[in-house]
Amino acid sequence: MSDLDPEVATDPHGRVGGEVDPSSGRRPGAAVAGTSLWRNSNYRTFLGIQTLSAIGDSFSYVAIPLLVLQVTGSLVQMGIVTGLTGVAFITTGVFAGVVVDRFDRRTLLMICDGARCVLYGTVAVVFLVAEPSWLIYLVVPLAGVFSMIFQVTYVAVVPAIVPTDQITRANGHLYATYAIASVTGPALAGLVAGAFGAAAAIGVDAITFAVAAIGVLFIRLAARPAQPGPAGGVRNEFLAGARFVWAHPLLRQLTLLLSLLTLLTYGLTDAVIFRLKDEFGQSDAVVGYVLTAGTIGIFVASSVVARVRGRLGFGPSWISAFSLAGLAVAGMGLVHHVPALAVFMAVMLLGSGVAGICSMSLRQEITPSHLLGRVTAAFWTIHSALGPLGAAAITALVAGFGVTPVLVVVGTAMVVIALSGAFSSIGRAGVTPAAEPVLEGARSW
């Protein structure tokens with residue numbers, strides 16, 4: 001997610017890019033504003049790479065648990081591997097932003113995909129002749145480290161590939177690739193694992209990462225001029241992202257509200273599954289159909305988000321989208337038929353998808369490039385910190401009071417939290433909020 005340290009240039013309005021060519025007024029590696037994204041070969045290649053990486057990740061979600069179950073026969077061991085991956089993600093999040101902002105981001109994308117190719121390829125080859133369970137416990141957390149760094153890096157490179165006025169549209173497309181991967185990847189992984197074994201599915205995973213790593217060779221990023229090291233040493237560098245988030249009124253308000261929303265929503269999928277299984281008496285297949293139907297909302301969000309934000313501005317778009325999501329959550333608690341539940345699931349993902357894409361695009365637009373990795377990592381880490389606690393609380397409340405009252409209360413609380421943004425800097429944010437309030441501080445960090 002970061003590169004070899006070409007520096008960052010900012011224009012008077014805080015928008016970020018590489019050095020500007022004085023003869024053309026353009027940043028090298030970036031497309032001209034107003035041109036179609038599909039005419040940007042850099043962007044097309046990057047989108048293809050992202051799709052392959054996302055499919056690779058979705059293969060892993062199915063193939064790794066199946067392999068653990070094959071080797072150990074233990075659900076507990078599956079949980080341990082999943083837990084180790086979570087620890088790897090959280091731990092990596094602490095330093096991923098620094099790595100992304102210090103090193104060449106194009107090179108990092110290649111390293112992350114290449115490393116995951118080697119790690120998963122090793123598992124596939126070794127399991128042809130033996131089944132050492134220790135290898136899974138070693139490889140999976142390491143792959144999680146590179147996955148986290150990749151995710152932060154890809155967020156940081158988008159502004160170096162597309163012009164500022166097309167960041168939201170590009171993020172919509174990238175969001176759609178994850179939806180496609182989440183639907184097709186597990187299905188394909190299950191077919192491969194069923195026909196040839198879980199190790200073969202992991203081998204296919206490795207191949208997707210190899211192709212994606214090679215594809216990075218064909219993209220160019222806008223140059224980043226070198227930035228001086230942060231005053232105060234390494235500790236200051238680690239904290240720079242969090243300080244930028246806190247110093248910017250809009251990012252600070254978003255972080256606070258998203259922390260509360262994450263607390264409320266982290267356990268929603270478990271609650272929906274419990275309702276379908278326990279209250280509706282449905283099969284695992286129906287659960288899968290409902291969750292898959294929800295991805296329709298993701299596709300709709302990715303296709304409309306640029307027009308919604310362009311017409312309403314950031315603040316109204318974010319507030320309206322999360323309010324819609326909250327109403328849908330309450331609706332999931334009130335309906336008593338599977339098709340209606342699936343519709344509300346799609347609406348919830350539509351609202352949260354529009355809000356999430358707007359939020360990510362905002363950070364990319366107003367954060368200086370040399371800080372974008374650290375700001376992204378800090379933003380994700382801070383507002384996700386309450387998630388596990390929320391999941392435990394929601395599932396405990398569902399067990400004690402039932403799904404319906406919990407979802408109605410959660411949905412109502414989501415609407416209240418989203419609407420409270422109207423009384424903060426979020427409500428006043430236009431189409432492209434400026435970064436002037438914190439630019440001077442950002443330069444010193």
Novice: So Thr367 and Leu362, do their side chains get closer than 4.5 Å, heavy atoms only?
Specialist: no

Novice: Is the backbone of Leu372 close enough, under 3.5 Å, to the side chain of Thr376 for a donor and an acceptor to pair up by distance?
Specialist: yes

Novice: Hey, are the side chains of Val415 and Val329 touching, using non-hydrogen atoms and a 4.5 Å cut-off?
Specialist: no

Novice: For side-chain hydrogen bond (donor to acceptor under 3.5 Å, both in side chains), just list the numbers for Gln364 and Asn171, CA-CA rounded to whole Å, side-chain angles, deciding distance to a tenth of an Å, and then say yes or no.
Specialist: CA-CA 10 Å; Gln364 292 166 324; Asn171 284 332; 2.7 Å; yes

Novice: Should the pair Tyr120 and Phe209 be assigned to parallel (<30°), tilted (30 to 60°) or perpendicular (>60°) ring geometry?
Specialist: parallel

Novice: For Arg374 and Gly241, indicate whether the former's side chain and the latter's backbone hold a donor-acceptor pair under 3.5 Å.
Specialist: no

Novice: Looking at side-chain heavy atoms only, is the closest gap between Leu350 and Phe299 below 4.5 Å?
Specialist: no

Novice: Determine the minimum heavy-atom distance between Ser420 and Leu257, stating which atoms define it.
Specialist: OG-CD2, 3.7 Å

Novice: Do Leu407 and Phe344 have side chains that approach each other closer than 4.5 Å (heavy atoms only, starting at C-beta)?
Specialist: no

Novice: May I ask you to test the Val409-Thr412 pair for a side-chain heavy-atom distance under 4.5 Å?
Specialist: no

Novice: CG/Leu37 to CG/Leu47 distance, rounded to the nearest 0.5 angstrom?
Specialist: 9.5 Å

Novice: Determine whether Arg309 and Thr168 satisfy the following criterion, side-chain hydrogen bond (donor to acceptor under 3.5 Å, both in side chains), listing intermediate values before the conclusion.
Specialist: CA-CA 8 Å; Arg309 187 184 170 191; Thr168 301; 2.9 Å; yes

Novice: Name all residues meeting the side chain to side chain donor-acceptor pair (under 3.5 Å) criterion together with Tyr266; count only those two or more places apart in sequence or in a different chain, and write none if there are none.
Specialist: none

Novice: Name the residue from Val118, Leu108, Ile111 that meets the side-chain contact (heavy atoms from CB on, under 4.5 Å) definition with Phe146.
Specialist: Ile111

Novice: Could you tell me which residues satisfy ring pair (Phe, Tyr, Trp, His ring centres under 6.0 Å) with His173, sequence neighbours excluded, listed by chain and number?
Specialist: Trp38, Tyr43

